[in-house]
Amino acid sequence: MSQSRPRALGVPFGVMPTGTNNAITDVTGVKVGHLTLIKGKNIRTGVTAILPTGEDMYQRKVPAAIYLGNGYGKLAGYSQVKELGELETPIVLTNTLSVATATDALITHCLEAPGNENVGSVNAVVGETNDGFLNDIRGRHVKEKHVLEAIAQASPGPVAEGNVGAGTGTSCFGWKGGIGTSSRKLPASLGGYTVGVLVQTNFGGVLQIAGVQVGQALGSYYFKGALESHADGSCMIIVATDAPVGPRNLERIAKRAMLGLARTGGIASNGSGDYVVAFSTANENRIVAGEDREREIRELRNGAMSPLFLATIEATEEAIVNSLFAAETMTGKDGHTREALPVDRVMGLLRKQGVIVKGGRK
């Protein structure tokens with residue numbers, strides 16, 4: 001990962017320590033893969049795959065929940081996750097008009113896995129944002145092979161951010177958006193669990209970083225000028241944890257991710273599809289296909305959830321800002337250009353407000 005991530009530059013994000021890579025992959029077993037499509041003057045899109053475990057997920061599902069911050073979107077697979085509280089495929093993020101292709105690819109991925117020869121129903125979970133400002137979205141350039149390649153390339157460790165994968169053609173707060181990620185590690189006294197977040201940012205509002213009104217100071221915000229809108233878009237937020245948490249409390253965790261979005265100045269506007277998918281990788285709570293009629297589970301009590309809530313809020317906020325710092329200026333469809341966030345100016349504003357941590361942090 002680049003050393004120019006905001007945390008390394010001294011931008012403060014809450015009070016909890018990060019995991020080793022400050023990424024969703026700090027949750028053991030989680031892998032991320034990107035496939036970036038940049039061709040000619042008009043194709044600026046891609047795919048990001050999040051694999052909760054290294055196992056066949058249909059045979060060993062994970063507890064999961066989905067929360068709708070604002071439902072102007074095309075998330076596939078919501079109803080079954082809501083009904084059963086289970087996730088049985090990797091999560092794929094792409095552009096709005098490629099949801100069907102990505103769904104088909106996830107079905108292929110599941111049906112071709114050893115042991116799934118008799119599977120006749122698959123609930124693929126696919127999220128999206130609309131990258132049509134920079135990308136020829138109507139061309140539907142994402143193909144099944146691209147999705148399968150993103151899944152095959154998925155790996156643990158550092159995660160590329162900015163103009164990659166599903167974040168290739170996105171915009172955020174009027175600047176170039178993209179993929180961002182972050183994590184938090186709870187102290188041993190609070191269970192020692194890890195929470196990781198990955199975001200695909202394509203939304204707007206009035207950007208604020210570390211409490212500083214950056215968007216207003218830089219002159220780029222919702223309703224500026226002749227009511228020019230940078231707010232409609234979407235934000236996909238994926239939350240992973242190794243804490244033993246069931247679907248009900250995973251939904252409570254997912255709700256808190258929207259508070260992290262709000263801390264960056266996002267407003268979940270009318271035309272924004274803001275979805276949070278949360279899952280637990282705790283081995284003791286996997287849902288095994290064909291298991292006995294009854295099973296034992298181990299879950300945290302409600303009273304133990306608050307540290308996970310705070311971790312989710314902080315990691316979501318930082319992941320969004322990370323996506324902006326990593327993104328680079330891009331020109332795409334019809335010559336449209338989305339400028340990168342002017343990081344030097346932002347850092348100047350933060351120094352002026354006295355919020356920078358000298359020497360940076362991990």
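Note that the numbering runs from 1 along the sequence shown for the chain.
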With the 4.5 Å side-chain cut-off for hydrophobic clustering, are [X] and [Y] part of the same group?
{"X": "V197", "Y": "L261", "value": "yes"}
{"X": "V164", "Y": "I50", "value": "yes"}
{"X": "L93", "Y": "Y78", "value": "yes"}
{"X": "F325", "Y": "I356", "value": "yes"}

Within the structure provided, determine whether [X] and [Y] are in side-chain contact (heavy-atom separation under 4.5 Å).
{"X": "T28", "Y": "T281", "answer": "no"}
{"X": "V11", "Y": "R5", "answer": "no"}
{"X": "Q208", "Y": "T264", "answer": "no"}
{"X": "N322", "Y": "N22", "answer": "yes"}
{"X": "Q216", "Y": "L207", "answer": "no"}
{"X": "P342", "Y": "W175", "answer": "yes"}
{"X": "T329", "Y": "K176", "answer": "no"}
{"X": "T241", "Y": "L250", "answer": "yes"}

Donor-acceptor check, side chain of [X] to backbone of [Y], threshold 3.5 angstrom: yes or no?
{"X": "T25", "Y": "N21", "answer": "no"}
{"X": "S280", "Y": "A243", "answer": "yes"}
{"X": "T170", "Y": "G178", "answer": "yes"}
{"X": "S234", "Y": "G273", "answer": "yes"}
{"X": "T48", "Y": "A166", "answer": "yes"}
{"X": "K41", "Y": "K333", "answer": "no"}
{"X": "Y275", "Y": "G71", "answer": "yes"}
{"X": "H146", "Y": "V47", "answer": "no"}
{"X": "N123", "Y": "Q80", "answer": "no"}
{"X": "E314", "Y": "R184", "answer": "no"}

Evaluation steps, side chain to side chain contact (heavy atoms under 4.5 Å, CB included), between V32 and L51: CA-CA 6 Å; V32 174; L51 280 60; over 6 Å; no
Which atom of [X] lies closest to which atom of [Y], heavy atoms considered:
{"X": "Y67", "Y": "A254", "result": "CB-CB, 3.7 Å"}
{"X": "G169", "Y": "L134", "result": "O-CD1, 3.7 Å"}
{"X": "G69", "Y": "M258", "result": "CA-CE, 3.8 Å"}
{"X": "I237", "Y": "A257", "result": "CG2-CB, 4.0 Å"}
{"X": "A282", "Y": "P244", "result": "CB-CA, 3.7 Å"}
{"X": "V30", "Y": "A240", "result": "CG2-CB, 4.1 Å"}

Are there over 12 heavy-atom neighbours, none belonging to [X], within less than 6.0 Å of that residue's [atom1]?
{"X": "F309", "atom1": "CZ", "value": "yes"}
{"X": "R295", "atom1": "CZ", "value": "yes"}
{"X": "E55", "atom1": "CD", "value": "yes"}

With distance as the sole criterion, is a donor-acceptor pair present between the side chains of [X] and [Y] under 3.5 Å?
{"X": "T331", "Y": "T337", "value": "yes"}
{"X": "Q153", "Y": "E149", "value": "yes"}
{"X": "N202", "Y": "N130", "value": "no"}
{"X": "R44", "Y": "T168", "value": "no"}
{"X": "E299", "Y": "N249", "value": "no"}
{"X": "N95", "Y": "S98", "value": "yes"}
{"X": "R60", "Y": "N283", "value": "yes"}

Candidate pair N135 and N42, rule side chain to side chain donor-acceptor pair (under 3.5 Å), full reasoning: CA-CA 6 Å; N135 174 52; N42 294 324; over 6 Å; no
CA sep, side-chain torsions, deciding dist, call: L308, I253, side chain to side chain contact (heavy atoms under 4.5 Å, CB included): CA-CA 7 Å; L308 297 173; I253 287 174; 4.3 Å; yes
Rounded to the nearest 0.5 Å, what separation is found between the [atom1] atom of [X] and the [atom2] atom of [Y]?
{"X": "L84", "Y": "I287", "atom1": "CG", "atom2": "CD1", "answer": "9.5 Å"}
{"X": "T181", "Y": "I238", "atom1": "OG1", "atom2": "CD1", "answer": "10.5 Å"}
{"X": "D274", "Y": "S269", "atom1": "CG", "atom2": "OG", "answer": "7.0 Å"}
{"X": "T89", "Y": "L106", "atom1": "OG1", "atom2": "CG", "answer": "4.5 Å"}
{"X": "N285", "Y": "F279", "atom1": "CG", "atom2": "CZ", "answer": "14.5 Å"}
{"X": "I91", "Y": "L198", "atom1": "CD1", "atom2": "CG", "answer": "9.5 Å"}

T18 and S183: CA distance, side-chain angles, deciding distance, side chain to side chain donor-acceptor pair (under 3.5 Å) verdict: CA-CA 5 Å; T18 70; S183 70; 5.2 Å; no
Residues E318, R7: salt bridge by 4.0 Å N-O rule: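 The answer is yes: the pair qualifies as a salt bridge.
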Centroid-centroid under 6.0 Å between F203 and F173 rings: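 That pair passes the under 6.0 Å test.
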Fellow cluster residues of L97, listed by chain then number, with links counted only when side-chain atoms sit under 4.5 Å apart: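 Its cluster partners, ordered by chain and number, are I137.
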N/O donor to acceptor pairs below 3.5 angstrom from side-chain atoms of residues 343-351, sequence neighbours left out:
none

Inter- and intrachain pairs under salt bridge (Lys or Arg N to Asp or Glu O under 4.0 Å), touching residues 120-148, at least two apart: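 Residue pairs with at least one partner in residues 120-148: there are none.
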Residue pairs passing the salt bridge (Lys or Arg N to Asp or Glu O under 4.0 Å) test where at least one lies in residues 239-263, sequence neighbours excluded: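 Pairs touching residues 239-263 that pass the test: K82-E251, R263-E317.
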Those residues that, when tested against E284, pass salt bridge (Lys or Arg N to Asp or Glu O under 4.0 Å) (two or more places apart):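 Result, salt bridge (Lys or Arg N to Asp or Glu O under 4.0 Å) vs E284: R298.
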Check against side chain to side chain contact (heavy atoms under 4.5 Å, CB included), K61 and L87: CA-CA 6 Å; K61 302 170 178 61; L87 183 65; over 6 Å; no
Audit row: K74, V126, side chain to side chain contact (heavy atoms under 4.5 Å, CB included) steps and yes/no: CA-CA 8 Å; K74 287 75 185 170; V126 180; over 6 Å; no
Partner set under ring pair (Phe, Tyr, Trp, His ring centres under 6.0 Å) for F133, not counting sequence neighbours: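 With neighbours one apart ignored, the set is H336.
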